[in-house]
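Here's the structure we're looking at; comments come further down.
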Amino acid sequence: MPRILIIYTGGTIGMIENPVTHALQPFDFSHLIDNVPKIKKLDYEIDNLQFDPPIDSSNMNTCHWRDIAVAIEQNYDAYDGFVVLHGTDTMAYTASALSFMLENLTKPVIITGSQLPIGEVRTDGEENLITALQVAAALDKDGSPMVQEVAILFDNSLWRGNRATKMSADNFNAFRSYNYPPLARVGLGIDFHRDALFRSPSHRPLKVRHNMDPAVMFLELNPGMTPQTLHHLLTTPGIKGIVLKTYGAGNSPSEKWFIDEIRAACERGIVILNVTQCVNGGVRGTLYETGNSLTAAGAVSGHDITSEAAITKLMYLFGLDLQPETVKQYLNCSLCGEVTL
Ligand code: ASP
């Protein structure tokens with residue numbers, strides 16, 4: 001009988017309406033599970049842990065990621081798989097963060113939630129939860145776990161966690177991975193795409209990195225950005241890493257004031273990771289002059305990495321206390337399938 005641990009962090013899936021304000025707010029796990037009687041039909045041993053209190057995922061921070069990672073670490077040997085119930089708003093960030101924090105992972109960590117609360121008649125939560133449990137319990141022919149990575153199960157698809165993005169605030173089909181194929185499609189059965197599944201090259205035991213350094217930020221370019229704005233952001237006190245969201249294939253203004261500011265920041269030891277504002281495709285530094293000058297100034301190419309994976313990868317690498325030059329080297333490696341090189 002598969003043993004699965006559900007870690008309930010909050011999110012719409014478990015929310016109920018506040019009778020006074022009519023706003024949705026997180027509620028406890030027993031309410032959630034009472035609304036999924038079908039769960040008893042699964043021949044699984046299921047235990048649960050819950051965040052106290054459960055939270056809207058807009059309140060998620062690095063300490064919550066550590067709590068989830070520690071819960072998995074402490075229960076790793078006792079369970080075959082883990083299902084994390086989470087709000088959709090920052091689900092792709094948590095999935096990316098956990099993919100880096102859980103080094104040498106060889107068991108499934110399946111994150112899911114829903115767009116409508118589980119108590120609603122048309123909820124997508126019941127389907128998502130049941131399917132996530134089945135994915136977490138799925139075995140390959142040799143008896144090893146089919147999924148050995150952090151993945152997001154939503155609607156009818158399973159996505160690699162550090163490749164996924166929330167793309168809709170309205171649709172049940174809320175997540176997508178624009179630069180990587182789905183790990184599985186859910187129809188009458190669950191059709192796993194074996195070639196897309198990650199297998200850790202290391203045979204070492206699970207190593208959980210607890211420390212994520214929050215001294216990072218996004219800087220999104222817009223036409224008309226002034227030298228003052230750019231200077232102000234690049235000189236943010238304490239900042240160590242910046243995900244620079246550029247145009248198209250990784251292009252930025254090539255004017256002298258702009259490149260000089262970027263170069264000065266790199267020379268101060270700030271790591272600047274160039275990612276595209278486009279949802280599909282990636283940075284190709286040598287395609288245009290405007291992209292070349294950014295590389296020459298010291299920015300590192302993020303290739304086709306998602307924004308969510310880019311910012312959490314910087315947090316993880318700085319959390320390891322690495323020097324900027326070493327951080328840059330790791331940004332050019334795929335650590336757990338987050339980037340195509
Ligand atoms: N605000 C909610 C959250 O992220 C949205 C959701 O769960 O869909 O917690």
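Residue numbers start at 1 and run along the sequence shown. Counting starts at 1 for both ligands and their atoms, following the listed order.
- Shortest contact from atom 9 (O) of ligand 1 to any protein heavy atom: Ser57 N, 2.7 Å.
- Using a 4.5 Å heavy-atom cutoff, the side chains of Phe27 and Leu32 are not in contact.
- In terms of N/O distances under 3.5 Å, ligand 1 is not approached by Ser58.
- Ranking protein heavy atoms by distance to atom 1 (N) of ligand 1, first place goes to Asp89 OD2, 2.8 Å.
- For residues 152-188, the ring pair (Phe, Tyr, Trp, His ring centres under 6.0 Å) pairs, not counting sequence neighbours, are Phe154-Phe175.
- Contacts between Ser114 and ligand 1 below 4.0 angstrom, taking non-hydrogen atoms only, involve the backbone exclusively.
- Checked against a 3.5 angstrom limit, the closest N/O atoms of Asp56 and ligand 1 fall inside it.
- Screening Val83, Leu129, Leu42 for a side chain to side chain contact (heavy atoms under 4.5 Å, CB included) with Gln134, the sole residue that qualifies is Leu42.
- Nearest protein neighbour of atom 8 (O) of ligand 1, counting heavy atoms only, is Thr88 OG1, 2.4 Å.
- Remark: ligand 1 and His86 share no N or O pair separated by less than 3.5 Å (distance only, no angle test).
- Within the structure, salt bridge (Lys or Arg N to Asp or Glu O under 4.0 Å) pairs that include any residue of residues 69-92 comprise Asp89-Lys166 (at least two apart or interchain).
- In this structure, a donor-acceptor pair under 3.5 Å is present between the side chains of Ser307 and Lys245.
- For ligand 1, the polar-atom distance check finds no N/O of Thr90 at less than 3.5 Å from any of the ligand's N/O atoms.
- Both the sub-6.0 Å distance and the 45° axial angle are not jointly satisfied by Lys313 relative to the ring of Tyr330.
- In terms of protein heavy-atom proximity, atom 5 (C) of ligand 1 is closest to Thr12 OG1, 3.2 Å.
- Short contacts between ligand 1 and Gly11, defined as distances under 4.0 Å to a heavy atom of the residue, involve ligand atoms 7 (O), 9 (O).
- Residues Val243 and Val216 form no side-chain contact, since every pair of their non-hydrogen atoms from C-beta on lies 4.5 Å or further apart.
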